Protein chains: 2
Amino acid sequence: MNKKACEAIPYMNHHSYNIFFTNLANPLKIGIILALRKKERNVGDIAKELSVEQSKISHALKSLKNCKIVNVKNRGKERIYSLNKKTILPMLELIDKHAICYCKNKCCVKEK
Amino acid sequence: MNKKACEAIPYMNHHSYNIFFTNLANPLKIGIILALRKKERNVGDIAKELSVEQSKISHALKSLKNCKIVNVKNRGKERIYSLNKKTILPMLELIDKHAICYCKNKCCVKEK
DNA sequence: TATTCATATGAAAAACATTTCATATATCTT
DNA sequence: AAGATATATGAAATGTTTTTCATATGAATA
């Protein structure tokens, strides 16, 4: 399979999909993503904004970063996390549209 | 918030994202989705194609259907499942591009 | 360089999702 | 109607991910 960089080869690998989705399948991580949508922030500010204990945020950020859903830069002793908008924003929009078009706006009601 | 059908309202609800992604965060379900990409199939055929026990497939299909990622129709005693391509295909493409552009093609390597 | 502030990390516990297996349901066939 | 085939379902067992908490690391500052 051709693997030239940044050339769209749809349906590449099974495993990437799984890791990517697993990473997103978590309310805290979604919360972080939505919080980073408007502007980048350091860990403490994210924790404050979401009222969530710091190490929990750090753990979540670690896997998001691992998957390149967020990026980091250092500023003194702080770490500034920002969203990889190019992938995530269109993805959220797809779900929004899905919810509106197929799920009567209350998409994907949890079974049972 | 305006909720007129099929009008894009980005970043609607937190909870939908979570259920949607949770639903996809599973190798079997990804397998089913990829199997349904080319053509619709009944449960038994999916099971055969993936070499997976039937009730496992049924359980997976149930939640995919619940989230409208797949649709069903009846044909005699069979149930024919098909993919909701409009949402899923562009979503997989987004991940492909993400993997290629940000993850050197082996996207989202599992940590540790 | 000792202290403080910001963040990361490991590991056990807890929460949650999937698998398995036995069985139920529903349609078709005879 | 009885049997066969296709699929669905409930519940316990299993597996995976997240949370928690104690502590480590690393940069800044006094």
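Numbers restart at 1 for each chain; the letters A, B, ... are given by sequence-line order, proteins then strands. Computed from a predicted structure; not experimentally measured.
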Should B/I19 and B/N66 count as side-chain neighbours, where that means a heavy-atom distance under 4.5 Å?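 Side-chain contact under 4.5 Å: no.
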
Given side chains that start at C-beta, do those of B/K85 and B/L36 come closer than 4.5 Å, heavy atoms only?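 No - every pair of side-chain heavy atoms lies 4.5 Å or more apart.
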
For [X] and [N], what is the distance between atoms [atom1] and [atom2] respectively, to the nearest whole Å?
{"X": "B/L61", "N": "C/dT19", "atom1": "CG", "atom2": "P", "answer": "12 Å"}
{"X": "B/H59", "N": "D/dA13", "atom1": "NE2", "atom2": "P", "answer": "15 Å"}
{"X": "B/L28", "N": "D/dG15", "atom1": "CG", "atom2": "P", "answer": "16 Å"}
{"X": "A/H15", "N": "D/dT16", "atom1": "NE2", "atom2": "P", "answer": "12 Å"}
{"X": "B/K62", "N": "C/dT19", "atom1": "NZ", "atom2": "P", "answer": "15 Å"}
{"X": "A/E78", "N": "C/dT4", "atom1": "CD", "atom2": "C1'", "answer": "14 Å"}
{"X": "B/K73", "N": "D/dA6", "atom1": "NZ", "atom2": "C1'", "answer": "17 Å"}
{"X": "A/N26", "N": "D/dT20", "atom1": "CG", "atom2": "P", "answer": "12 Å"}

Are any protein N/O atoms closer than 3.5 Å to N/O atoms in nucleotides 22-27 of chain D? If there are, list each pair with its distance.
none

What heavy-atom pair brings B/N18 and A/N26 nearest, and what distance separates the two atoms?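 Minimum heavy-atom contact is OD1-N, 3.1 Å.
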
Shortest non-hydrogen separation from A/S63 to A/K29 and the atoms involved: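 For A/S63 versus A/K29, the nearest heavy atoms are OG-NZ, 3.0 Å.
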
Just N and O in the side chain of B/N42: are any of them under 4.0 Å from OP1 or OP2 of D/dA6?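 Answer no for this pair, as no side-chain N or O of B/N42 is under 4.0 Å from OP1 or OP2.
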
So, is A/K56 near the phosphate of D/dT20, with a side-chain N or O under 4.0 Å from OP1 or OP2?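 Result: yes.
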
Should A/I80 and A/V72 be regarded as members of a common hydrophobic cluster, given that ILVMFWY residues are connected when their side-chain heavy atoms come within less than 4.5 Å of each other, either directly or indirectly?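 No.
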
So, the side chain of B/N42 versus the backbone of B/R79: is there a donor-acceptor pair under 3.5 Å, distance only?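 Answer holds: no.
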
Where the side chain of A/T22 is defined as all heavy atoms beyond and including C-beta, which of D/dA8, D/dT20, D/dT17 is the nearest nucleotide?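 Of D/dA8, D/dT20, D/dT17, D/dT17 is nearest to the side chain of A/T22.
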
Do the side chains of B/K56 and B/E53 get close enough for a salt bridge, i.e. N-O under 4.0 angstrom?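 B/E53 and B/K56: not salt-bridged.
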
Of B/G44 and A/K29, whose nearest nucleotide on DNA chain D comes first from the 5' end?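 Closest to the 5' end, via its nearest nucleotide, is B/G44.
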
